[in-house]
Trainee: 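Pasting a structure below so you can have a look.
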Amino acid sequence: MRVLTFNVNSIRARKEIVRDLFYYKSIDIACLQEIKTTEENFPQIHPEYKCYIHGQKQYNGVATCVRSRIEVDKVQKGFPGEEGESRFIYTQIGKWHLINIYAPLGDLYGERFHYKIRFYRRLREFVSQNFNLHKDLVVLCGDLNIAHQAIDVWDPQQWEGKVVFLPEERIEFDKLLGLGFVDILRYSTNRQIFTFYDYRGGAVYKGEGLRLDYFLVSKPVVKLTKGIEVLLNVRKRKKPTPSDHVPLIVEFRNV
DNA sequence: ATGGCCACCCGAGGTGGA
């Protein structure tokens, strides 16, 4: 089972790129973030996939697209921590529980920062109230908008005191992992790998990136993980315009 | 030589992203 997570920065602007990923990377389940549109205006990506969409006009929005032959048992669009913004969609597929997240960016200790902290607290409540991460097959993926450790930013000195790398938000990330999640990329390698490059300043050509997108998995899922793929070339392509985020694919042994 | 922000709103330029 191959699962994609990808902050598309508008699904309407990126539908061909997503379609190609579905086809060439044989994706079974796609967790998309920042679709930036409503369900009515969500484009047809591929006829053999069904998309469960939690959208809104102009901003945010998440969608989980699943191969038509895969049966989806349950869908929950939204949770209390969103506070009116579309940032959460949960799907249950057999024994698998998939949480697709677009976390708030926040600001420098203003209202949006407190919103981000509340969002993380609510997310942990959702997980701890619904799952046992030592027994259940849980995959939490998406754009978490936090660079967890110094290795996850291209220049830790430059990023000190900046949003996505503030001590308080990194502690929120620690607490999420503390529930029993394993950060699959960091588990599989100690190399520095980024999933976001700013459009400005040629960041992707200079290697000036951040790791903001993650696969966090429960303990039993770790044993079922075959590998993780980071599609930097998709970010580096020029035409059509890429997203500023990098797609990630994890392959799981199905059960 | 190369590349130097993009997409949304809508029909201009302001705003949010990170």
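Residue numbering restarts at 1 for every chain, and letters A, B, ... go by the order of the sequence lines.
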Trainee: Answer yes or no: is there a donor N or O on one side and an acceptor on the other, between the side chain of A/E40 and the main chain of A/F42, under 3.5 Å?
Mentor: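 No, because the side chain of A/E40 does not come within donor-acceptor range (under 3.5 Å) of the backbone of A/F42.
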Trainee: Per the disulfide bond (SG atoms under 2.5 Å apart) rule, what does the pair list look like for residues 44-83 of chain A, sequence neighbours excluded?
Mentor: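 For residues 44-83 of chain A: A/C51-A/C65.
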Trainee: Charged N to carboxylate O below 4.0 Å: is that the case for A/R121 and A/E172?
Mentor: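 Judged by the 4.0 Å cut-off on N to carboxylate O distance, A/R121 and A/E172 do not form a salt bridge.
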Trainee: Once you apply a heavy-atom cut-off of 4.0 Å, does A/F165 come out as touching a base, just sugar-phosphate, or nothing?
Mentor: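 Nothing, no nucleic acid heavy atom in range.
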Trainee: With sugar-phosphate meaning primed atoms plus P, OP1 and OP2, does A/N41 contact a base, only sugar-phosphate, or nothing at under 4.0 Å between heavy atoms?
Mentor: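 No contact.
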Trainee: Within the structure shown, what part of the strands sits under 4.0 Å from A/N145 by heavy-atom distance: base, sugar-phosphate, or nothing?
Mentor: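 Here A/N145 touches the backbone only, sparing every base.
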Trainee: Using a 4.0 Å heavy-atom cut-off, does A/D107 contact any base of the nucleic acid, only the sugar-phosphate backbone, or nothing at all?
Mentor: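 Nothing, no nucleic acid heavy atom in range.
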Trainee: To the side chain of A/R14, which of B/dA18, B/dG17, B/dA7 is closest?
Mentor: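 The listed nucleotide nearest to A/R14's side chain is B/dA7.
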Trainee: Does a side-chain N or O of A/S10 approach OP1 or OP2 of B/dC8 to a distance below 4.0 Å, or not?
Mentor: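 Answer is yes, contact under 4.0 Å.
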Trainee: Rounded to whole angstroms, how far apart are CD on A/E208 and P on B/dG4?
Mentor: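 That distance rounds to 15 Å.
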Trainee: Measure the distance from NZ on A/K57 to P on B/dA7 and round it to the nearest whole Å.
Mentor: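 Distance check: A/K57 NZ to B/dA7 P gives 19 Å.
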Trainee: Expressed as a whole number of angstroms, how long is the span from A/F196:CZ to B/dC5:P?
Mentor: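 From A/F196 CZ to B/dC5 P: 12 Å.
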Trainee: Please measure how far the C1' atom in B/dC5 lies from the corresponding atom in B/dA18, and state the result in whole Å.
Mentor: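 Comparing C1' positions in B/dC5 and B/dA18 gives a spacing of 12 Å.
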Trainee: Under 3.5 Å, is there a donor-acceptor pair linking the side chains of A/Q33 and A/N100?
Mentor: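 Looking only at side-chain atoms, A/N100 and A/Q33 do form a donor-acceptor pair, the distance falling under 3.5 Å.
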Trainee: It should be established whether A/H245 places a side-chain nitrogen or oxygen under 4.0 Å from OP1 or OP2 of nucleotide B/dA18.
Mentor: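 For A/H245, the contact criterion (side-chain N or O under 4.0 Å from OP1 or OP2 of B/dA18) is met.
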Trainee: Considering just the side-chain nitrogens and oxygens of A/R12, establish if one lies under 4.0 Å of OP1 or OP2 belonging to B/dC9.
Mentor: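 So the side-chain polar atoms of A/R12 do come within 4.0 Å of the phosphate oxygens OP1 or OP2 of B/dC9, strictly under.
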Trainee: A/K238 side chain: which of B/dA18, B/dA7, B/dG3 is closest?
Mentor: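 Comparing B/dA18, B/dA7, B/dG3 against the side chain of A/K238, the answer is B/dG3.
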Trainee: Using whole Å, what does the distance between atom P of nucleotide B/dG3 and atom CG of A/D198 come to?
Mentor: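 Atom-to-atom, A/D198 to B/dG3, this comes out as 18 Å.
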Trainee: Using 30° and 60° as the class limits, which term best fits the ring planes of A/Y49 and A/F22: parallel, tilted or perpendicular?
Mentor: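 The rings of A/Y49 and A/F22 sit tilted, inter-plane angle from 30° to 60°.
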Trainee: To the nearest angstrom, how far is A/L166 atom CG from B/dA18 atom P?
Mentor: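 In whole Å, B/dA18 P and A/L166 CG are 14 Å from each other.
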Trainee: Assuming nearest nucleotide by heavy-atom distance, tell me which of A/T37 and A/E34 is located more 5' along DNA chain B.
Mentor: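 Its nearest nucleotide lies further toward 5', so the answer is A/T37.
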Trainee: For a quick check of understanding: with a heavy-atom distance under 4.0 Å over all strands, which category does A/K162 fall into, base, sugar-phosphate or nothing?
Mentor: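 Touches nothing.
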Trainee: Any idea which of B/dA7, B/dA18, B/dC9 is nearest the A/N7 side chain?
Mentor: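 Of B/dA7, B/dA18, B/dC9, B/dA18 is nearest to the side chain of A/N7.
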Trainee: I need the CD-C1' distance between A/Q58 and B/dG17, as an integer number of Å.
Mentor: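 After rounding, the reported distance stands at 12 Å.
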Trainee: According to a strict under-4.0 Å criterion, is A/R200 in side-chain N/O contact with OP1 or OP2 of B/dG17?
Mentor: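 No, no such contact exists.
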Trainee: For B/dG3 versus B/dC8, give the span between their P atoms, rounded off to a whole number of Å.
Mentor: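 One P to the other, the span is 23 Å.
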Trainee: Quick one: on DNA chain B, does A/Y59 or A/G202 contact a more 5' nucleotide (nearest heavy atom)?
Mentor: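 Its nearest nucleotide being more 5', the pick is A/G202.
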Trainee: So, does A/Y102 get its side chain near the phosphate of B/dA18, meaning an N or O under 4.0 Å from OP1 or OP2?
Mentor: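 Looking at the OP1 and OP2 atoms of B/dA18, one of them is under 4.0 Å from a side-chain N or O of A/Y102.
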Trainee: Taking atom P of B/dG16 as reference, at what distance in whole Å does atom OH of A/Y115 sit?
Mentor: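 Atom OH in A/Y115 sits about 14 Å away from atom P in B/dG16.
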Trainee: Are A/K50 and A/Y52 in a cation-pi contact, defined as NZ or CZ under 6.0 Å from the six-membered ring centre and within 45° of the axis?
Mentor: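 Yes, a cation-pi geometry holds between A/K50 and A/Y52.
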